[in-house]
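Quantities reported herein were computed from a predicted structural model and do not represent experimental measurements. Protein chains get the first letters and strands the later ones, always in sequence-line order, with residue 1 at the start of each.
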Amino acid sequence: MAVFVNGVIFDGVDTAAADAWRLDAYVARGGYQALRKILDSKLPQEDVIAEVKNSGLRGRGGAGFPTGLKWSFMPRSFPGDKYVVCNTDEGEPGTFKDRDILRFNPHALIEGMIIAGYAMGTKAGYNYIHGEVFAEYQRFEEALEEARKAGFLGQHILGTDFSFELYAHHGYGAYICGEETALLESLEGKKGQPRFKPPFPASFGLYGKPTTINNTESFASVPFIIRDGAQKFLEAGKPNNGGTKLFSVSGHVNRPGNYEIPLGTPFSTLLEMAGGMRDGKKLKAVIPGGSSAPILPAEIMMSCTMDYDSISKAGSMLGSGAVIVMNEDVCMIKALERLAYFYHEESCGQCTPCREGTGWLYRVIHRIANGEGRPGDLELLDSVGNNMAGRTICALADAAVFPVRSFTKHFRHEFEYAIEHGKTLVDHKWC
Amino acid sequence: MLSAQSLALIDREVAKYPADQKRSAVMGALRIALEERRSTGETPEARCLNQEVIEFVANYLEIPPVAAYEVATFYNMYDMKPVGKYKITVCTNLPCALSGGVNAAEYISGKLGIAIGETSTDGMYTLLEGECMGACGDAPVLLVNNHSMCSFMTPEAIDKKLAELK
Ligand SMILES: Cc1cc2nc3c(=O)[nH]c(=O)nc-3n(C[C@H](O)[C@H](O)[C@H](O)COP(=O)(O)O)c2cc1C
Ligand code: SF4
Ligand code: FES
């Protein structure tokens, strides 16, 4: 289900209409005006980047890095090949917003990428799409074709001397390809194993050429920023947290779905929008930014607003904006076991601490969940985690450790009880 | 080895990348090869990728066979083992589990009489557990043969779907 309240990307999109995603509908909503504005006025590249900087847009893929600043790192005047790459490898458990962008408003992404190409002097781009969403991949390819036919994409866009080609690349089932350098390896037709950084993609990216990678939602926000101005975008959110943001709400709520709301909206309001708790149960805990973000107990969460700064002050991360809601019937050990299994399964295996560590974390949590925990297991989890975090090529190892640390911190008594009594404290029900 | 239609689709993939970067098309080419085998194979063994077809794809793209083989084994969705006519992958990751993902997998397992990871003896169904498909708001979700996503799979919806998959 998709529920859009208001916002930037889904402004005026009637998700119930079968053709809302098509070019005509997008143009009728004011689409491709930003691109026209840039080309008609021959807006200098620096000005486009400055506008994105001023908007306060922060990367929507997880790390929240300022998008305009990232764009300014690209060697714009470097004469050789350069690329812009979009990350639609949405695989962070709980996140399903980029899929809805491809489904309902793919041209916002296409226009955003064309503008990015213009601003950074690149002639080509790729959108890397998550393997499991084949229908969306096909739709995106169709949207590309529409844009080409209408002269928005390809050679001599709208009759100017600006040319930009854009293609879709379909993944085939590997969470790690969401990590930007693994994604580049995968685009090159290799195993998706992250690269050492530095060098960073801005100097050595796709095929060794300067490359900028952004999340789908980041690119799709750009047409609004250029068309309506950085100030308007900034004002939609709060200082240092510009704009609206898509939140994917899943778990024990009455109306799971995507909600595009101003950054800074109280969590309690978002919960209400999502129909409140299912079956009138009590809220126990929330993972506010995708499975890699530390979990927060209900009381802390209810005092947060949904923006980068507030969630980070509370000890977690806004991450991808995936809000996983859990009620009182959830055993925290069982919930953590599921996530630990995921990270173990998805480790690409090139760093020993991650390959071995994720296996250890899973096995120890699994035995605690099954009433076979041993005294010292919590200390063991700590020490395994300490040997992983910050000691690997990419952040997947950290992503595997954050949930373990936060679950065992906030719900320690559940773990202690299970180890001591050989059974879990909470009589667990998934739903 | 592959049909003219599949080769034309692979050529379309190749055209997306710079002329000296044909290797980039290997993921798409393997997907297309697998789709052909899935739709024409009469037995579980004939529906998955094997060494021969992987080598064929590698030669077609002018890359070393081991490079294509590495890709086929790294990504989860390429079937490297015999697979039923209908491969059903149910998402049981945490967000889905909170809205019936685990229950859906158990229900299908009971109905088909096969455990997760197994193929039915008549070669019709393979049941697998999957990781997040980026559709958690529609839980329970499952994929049929990699490309067809089914949302809100309550027991009734599952009954209906299984009746279609004959
Ligand atoms: C293990 C791992 C998985 C990731 N998965 C995704 C993903 O699915 N989508 C995404 O946009 N970024 C993902 N990222 C973050 C990307 O590496 C990168 O920071 C992001 O795409 C940059 O875009 P942004 O600046 O617009 O957010 C992941 C990072 C890691 C370490
Ligand atoms: S940290 Fe894990 S996923 Fe990342 S590169 Fe190392 S082994 Fe691979
Ligand atoms: S957890 Fe099942 S689709 Fe995301």
Minimum heavy-atom distance Pro18(B)-Tyr83(A), with the two atoms named:
CG-OH, 3.7 Å
So which part of Tyr137(A) gets closer than 4.5 Å to some heavy atom of chain B, the side chain, the backbone, both or neither?
side chain
Interface residue of largest heavy-atom contact number with chain B, from Ala322(A), Gly192(A), Gly171(A), under 4.5 Å:
Gly192(A)
Please say whether more than 12 non-hydrogen atoms of neighbouring residues, nucleotides or ligands are located less than 6.0 Å from CD in Glu164(B).
yes
Over all heavy atoms of both residues, which pair between Trp430(A) and Ala97(B) is shortest? Give the atoms and the distance, please.
CB-O, 3.2 Å
Identify which part of Leu187(A) has an atom lying under 4.5 Å from any heavy atom of chain B, answering side chain, backbone, both or neither.
both
Between Tyr126(A) and Ser24(B), is there a side-chain donor-acceptor contact under 3.5 Å, judged purely by atom types and distance?
no
Does a sphere of radius 6.0 Å around CD in Gln51(B) hold more than 12 heavy atoms from other residues, nucleotides or ligands, not counting ones at 6.0 Å or beyond?
no
Can you tell which part of Leu336(A) gets under 4.5 Å to a heavy atom of chain B, answering side chain, backbone, both or neither?
neither
Of Leu143(B), Leu94(B), Asn146(B), the largest count of non-hydrogen pairs under 4.5 angstrom with chain A goes to Leu94(B)
Nearest heavy-atom approach of Cys177(A) to Tyr75(B) is SG-CE2, 3.6 Å
Tell me, for Ser148(B) versus chain A, whether the close heavy atoms (under 4.5 Å) come from the side chain, the backbone, both or neither.
neither
Could you look at Leu166(A) and say if it's the side chain, the backbone, both or neither that has a heavy atom under 4.5 Å from chain B?
neither
Heavy-atom pairs under 4.5 Å with chain B - which of Arg278(A), Lys429(A), Glu92(A) has more of them than the others?
Arg278(A)
Which atoms of Glu141(A) approach chain B - backbone, side chain, both or neither, heavy atom under 4.5 Å:
side chain
Between Tyr341(A) and Glu131(B), is any pair of side-chain heavy atoms under 4.5 Å apart?
yes
Let me know if Thr95(A) has heavy atoms under 4.5 Å from chain B in its side chain, its backbone, both or neither.
backbone
For the residue pair Ser186(A) and Met27(B), what are the closest heavy atoms and their distance?
OG-SD, 3.2 Å
Under 4.5 Å to a heavy atom of chain A? For Met149(B) that would be side chain
Could you tell me whether the side chain of Cys431(A) reaches within less than 4.5 Å of the side chain of Leu98(B), counting heavy atoms only?
no
Quick one: what part of Val253(A) sits under 4.5 Å from any heavy atom of chain B, side chain, backbone, both or neither?
neither
Contact leader toward chain A among Thr73(B), Thr92(B), Val102(B), where contacts are heavy-atom pairs under 4.5 Å
Thr92(B)
Exceeds 12 heavy-atom contacts within 6.0 angstrom, atom OH of Tyr69(B):
no
Among Glu165(A), Glu188(A), Lys334(A), Glu136(A), single out the residue with the greatest number of heavy-atom pairs under 4.5 Å to chain B.
Glu188(A)
For Met133(B) versus Val133(A), what's the shortest heavy-atom pair and its separation?
O-CG1, 3.7 Å
When the 4.5 angstrom heavy-atom criterion is applied to Ser291(A) and chain B, the contacting part is neither
If the test is side-chain contact (heavy atoms from CB on, under 4.5 Å), which one of Pro95(B), Cys132(B), Cys136(B) qualifies with Phe96(A)?
Cys136(B)
Structural part of Asp20(B) lying under 4.5 Å from a heavy atom of chain A:
neither
Taking C-beta and beyond as the side chain, do Asn93(B) and Glu345(A) meet within less than 4.5 Å on heavy atoms?
no
From OH (Tyr167(A)) to NZ (Lys16(B)), nearest 0.5 Å
10.0 Å
So which of Glu90(A), His252(A), Met326(A), Lys191(A) has the largest heavy-atom pair count under 4.5 angstrom toward chain B?
Lys191(A)
Any donor-acceptor pair under 3.5 Å from His170(A) side chain to Gly28(B) backbone:
no
Heavy-atom donor-acceptor pair, Arg31(B) side chain to Tyr172(A) backbone, under 3.5 Å:
no
Short side-chain to backbone donor-acceptor contact, Lys190(A) and Val71(B), under 3.5 Å:
no
Do Glu132(A) and Val141(B) pass the side chain to side chain contact (heavy atoms under 4.5 Å, CB included) test, and can you show the C-alpha distance, the side-chain angles, and the key distance before you say yes or no?
CA-CA 11 Å; Glu132(A) 282 81 350; Val141(B) 292; over 6 Å; no
Top contributor to chain A contacts, counting heavy-atom pairs under 4.5 Å, from Gln21(B), Glu70(B), Lys22(B), Glu13(B):
Gln21(B)
Is the ring pair His169(A)/Tyr17(B) parallel, tilted or perpendicular, if the boundaries are 30 and 60 degrees?
perpendicular
